[in-house]
Protein chains: 2
Amino acid sequence: MSETAPRPTLEAVAARAGVSRATVSRVVNGGDGVREPLAARVRRAVDELGYVPNQAARSLVTKRHDAVAVVIAEPETRVFADPFFARQLRGISKELTAHDTQLVLLLTEGREDHARVGRYLAGGHVDGALVFSLHLDDPLPALIQRAGVPTVFGGRPGWSDGMREAAYVDSDNRGGARTAVRHLAGLGRRRIAHICGPLDQTSAADRLEGYRDVMDGGDPRLIAESDFTPAGGERALGELLDRVPDLDAVFAANDLTASGALRVLRARGLRVPEDIAVVGFDDMLPLAEQTDPPLTTVRQDIEGMGRLMARLLLRGPGTAPPGPTGLAGGTGGTGRSLVLPTELIRRASA
Amino acid sequence: MSETAPRPTLEAVAARAGVSRATVSRVVNGGDGVREPLAARVRRAVDELGYVPNQAARSLVTKRHDAVAVVIAEPETRVFADPFFARQLRGISKELTAHDTQLVLLLTEGREDHARVGRYLAGGHVDGALVFSLHLDDPLPALIQRAGVPTVFGGRPGWSDGMREAAYVDSDNRGGARTAVRHLAGLGRRRIAHICGPLDQTSAADRLEGYRDVMDGGDPRLIAESDFTPAGGERALGELLDRVPDLDAVFAANDLTASGALRVLRARGLRVPEDIAVVGFDDMLPLAEQTDPPLTTVRQDIEGMGRLMARLLLRGPGTAPPGPTGLAGGTGGTGRSLVLPTELIRRASA
DNA sequence: CTGAAAGCGCTAACAG
DNA sequence: CTGTTAGCGCTTTCAG
């Protein structure tokens with residue numbers, strides 16, 4: 001990588017404007033306390049020289065970085081296979097931008113990367129961290145806590161130990177699942193199966209709980225564990241159908257899973273929703289509209305979650321959450337945790 | 001955002017180990033030139049104190065940041081609607097990680113953000129930039145060039161002016177399109193239409209060129225411009241069908257477009273591929289496998305593009321491109337530009 | 001209201 | 001081989 005051309009320093013601007021460095025600094029940072037004729041001269045010098053403050057120098061003294069890290073820990077290949085993170089990222093980015101804060105993305109592909117991330121966070125590059133850690137046994141959260149950086153988690157963290165006070169933002173997975181299953185029941189369906197996601201992820205576990213809430217605990221023969229992928233959905237529905245041939249509905253833990261299930265149904269000549277009704281979760285577009293038939297599903301405001309995470313981190317405790325948002329337990333940490341409502345989107349599959 | 005706890009400094013470590021700051025610095029940065037008994041003492045002090053070097057201070061003197069910016073300029077909502085960027089990001093992240101370099105993500109939602117990005121790049125936070133700028137009239141590239149930061153573009157830049165020497169990595173869009181259309185022709189299809197993408201994007205323009213290469217210039221009535229979305233694909237195919245009712249094949253500029261086209265075909269009762277064969281571009285999964293029928297399409301190695309972009313930026317001119325990669329014109333800048341080969345994936349739609 | 005001076009934490013000559 | 005000495009570019013008291 002070739003060298004970056006040397007940029008003008010505060011010194012240079014000061015010289016050109018015929019003032020001291022301190023004065024230039026004042027003008028550059030808001031300009032209060034400098035009288036007009038002078039300030040204008042400084043601004044002109046800044047423009048002429050194309051001066052841009054050196055952030056490293058600034059951080060060194062202010063101890064602020066105007067940057068937050070987004071840590072996405074997902075060993076599996078699936079990480080970006082669905083637009084889920086991407087959408088949250090977008091929400092985060094919008095909110096950070098509004099606060100003139102940079103987004104530093106830290107992707108970890110496996111445990112080897114954890115040390116690197118820990119070092120980075122501890123290295124004082126950022127003012128805080130937004131962390132997506134999906135698995136129960138993930139060592140990352142502990143590592144991050146040790147780094148002593150303010151943190152907000154995306155999705156309810158699953159470790160019971162010292163993490164109780166972690167701030168997080170999540171969708172109402174359990175409530176959404178209940179809505180989905182109730183919808184199916186309301187359609188007159190009786191043998192409602194559930195294809196759940198990997199239970200070491202709280203979102204999957206919570207959706208399963210929601211299903212059980214409505215199904216009175218749920219017959220184990222009606223539940224198959226899967227992995228949030230289309231292929232997994234195919235396999236799981238196959239099992240379910242073999243076990244309970246007269247199934248009349250299935251609630252899939254996410255849309256990807258549902259799409260796999262749909263494929264199996266079509267292959268076996270079963271009509272949706274006449275023979276079997278299907279409900280997904282996520283409202284992942286364009287997939288959810290593109291399946292045959294289009295998927296009835298539980299929408300969560302993914303971008304909104306991202307935005308809220310950033311807001312929580314930036315504002316710290318204090319400001320009330322905006323708009324129509326449910327509010328949940330949470331405690332200390334960087335403020336309350338937030339649980340966003342979900343919404344059933346009716347299409348043709350149920 | 002609450003304050004980060006004060007971290008131990010080099011000074012503290014030095015005191016604890018009973019050596020000078022310089023010695024600690026040496027040990028921390030590779031440790032050459034420090035005799036063993038001492039070095040060990042230093043390392044222990046580092047561990048005990050949990051010392052992590054302050055990057056701001058380090059950058060201030062070294063002028064290096066071990067960080068690269070990824071700039072994604074995409075005003076439309078579509079940005080993250082498809083996993084395209086996500087996949088490239090992943091490739092980039094892998095390569096950067098291997099070089100112990102951080103990824104700083106800069107998303108721009110509109111022109112208002114350009115200034116911010118320019119400032120950031122010029123602010124000397126990063127050693128280089130990886131830029132995705134899709135539109136011909138995008139002012140960002142010029143802005144970036146002014147910032148004087150080494151840059152590699154994702155996708156062939158489209159401005160003819162002073163940008164000629166920009167380094168970039170791209171897929172062989174034109175060649176891939178030729179392959180697709182030849183495949184259709186090889187199937188005996190004669191009235192092959194093309195739904196192209198927005199022509200202010202080089203990828204769309206190049207695919208159109210590839211189509212024309214094979215179609216001998218191409219009958220304008222067989223070409224409809226669209227916008228890389230399913231809805232756009234629907235609309236475009238509708239027009240095409242109205243204009244040329246006896247169409248027997250269509251090459252869509254991407255899989256999203258193709259999926260929309262498929263939907264129209266199904267709605268009109270036309271069989272695929274019997275009545276009309278369809279080929280897409282991207283091999284975007286799971287979509288391409290999930291459509292009905294599964295899509296024949298042109299695969300590009302998206303993650304590989306990302307990896308190569310990072311490599312190009314980091315290694316600068318010099319190291320040869322790895323593996324089975326085509327090599328294209330390119331010039332000065334940060335090294336050669338690279339054009340990666342594409343591959344036709346045959347499924348049921350053509 | 002403006003300038004002078006100190007120092008953030010670190011690396012890189014330069015001595016010893 | 002190790003320690004001493006200067007700054008990197010900026011903000012921030014503290015005087016004037």
Side-chain angles (χ1 to χ4, degrees), chain A residues 3-43 45-46 49-67 119-120 122-127, chain B residues 3-43 45-46 49-67 119-120 122-127:
Chain A
E3 285 310 307
T4 292
R7 314 222 111 251
T9 78
L10 206 58
E11 182 87 47
V13 179
R16 176 156 195 130
V19 298
S20 73
R21 278 154 41 205
T23 300
V24 178
S25 177
R26 289 185 188 111
V27 172
V28 169
N29 301 298
D32 32 293
V34 179
R35 234 176 306 217
E36 204 26 70
L38 242 200
R41 239 187 27 244
V42 171
R43 277 193 297 269
V46 166
L49 263 36
Y51 169 75
V52 178
N54 176 323
Q55 202 56 236
R58 179 180 281 179
S59 296
L60 188 54
V61 35
T62 59
K63 268 109 170 50
R64 293 182 52 262
H65 305 86
D66 299 311
R119 226 182 310 127
Y120 186 83
H125 299 249
V126 294
D127 302 317
Chain B
E3 283 310 306
T4 292
R7 314 223 113 251
T9 78
L10 205 60
E11 183 87 45
V13 179
R16 175 155 196 133
V19 299
S20 73
R21 277 155 41 206
T23 299
V24 178
S25 176
R26 288 184 188 110
V27 171
V28 170
N29 301 299
D32 32 292
V34 179
R35 233 172 306 207
E36 204 25 71
L38 241 200
R41 250 206 354 261
V42 171
R43 277 192 297 267
V46 166
L49 264 36
Y51 169 74
V52 178
N54 176 322
Q55 202 54 238
R58 179 180 280 180
S59 297
L60 188 54
V61 37
T62 61
K63 268 110 170 53
R64 294 183 52 263
H65 306 85
D66 299 310
R119 227 182 310 127
Y120 186 82
H125 299 249
V126 294
D127 302 318

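Considering only residues two or more places apart in sequence or on other chains, B:R21 meets the side chain to side chain donor-acceptor pair (under 3.5 Å) condition with none of them. Checked against side-chain contact (heavy atoms from CB on, under 4.5 Å), A:R58 has the following partners two or more places apart in sequence or in another chain: A:V28, A:N29, A:P53, A:Q55, A:T62. When the side-chain contact (heavy atoms from CB on, under 4.5 Å) test is applied to A:A15, no partner is found at least two apart in sequence or on another chain. For the side chain to side chain donor-acceptor pair (under 3.5 Å) test, no residue two or more places apart in sequence or in another chain qualifies with A:H125. A search for side-chain contact (heavy atoms from CB on, under 4.5 Å) contacts involving B:R26 returns B:A22, B:T23, B:V34, not counting sequence neighbours. With sequence neighbours excluded, the residues forming a side-chain contact (heavy atoms from CB on, under 4.5 Å) with B:R16 are B:A45, B:E48, B:L49, listed by chain and number.
Taking five base pairs at each end of the helix from C:dC1-D:dG16 to C:dG16-D:dC1 and finding the rotation axis that steps the C1' atoms of four pairs onto the next four gives two axes whose angle is 40°, to the nearest 10°.
Residues A:N54 and A:T9 have side chains not in contact (no heavy-atom distance under 4.5 Å, counting atoms from C-beta outward). Proximity of A:V126 to A:H65: side-chain heavy atoms (C-beta onward) are nowhere separated by under 4.5 Å.
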Worksheet item: What string of B, S and - do you get for nucleotides 6-16 of chain C 5' to 3' if you count protein non-hydrogen atoms under 4.0 Å?
Response: B-BBBBBB---
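One finds a side-chain N or O of A:T23 lying less than 4.0 angstrom from the OP1 or OP2 phosphate oxygen of C:dG3.
Note that the first and last nucleotides of DNA chain D, 5' to 3', having any atom under 4.0 angstrom from a heavy atom of chain B are D:dC1 to D:dG9.
Here the CG-OG distance, from B:L60 to A:S59, works out to 10.0 Å after rounding to the nearest 0.5 Å.
In plain terms, the two heavy atoms of B:R43 and B:V27 that are nearest each other are CG-CG1, 3.9 Å.
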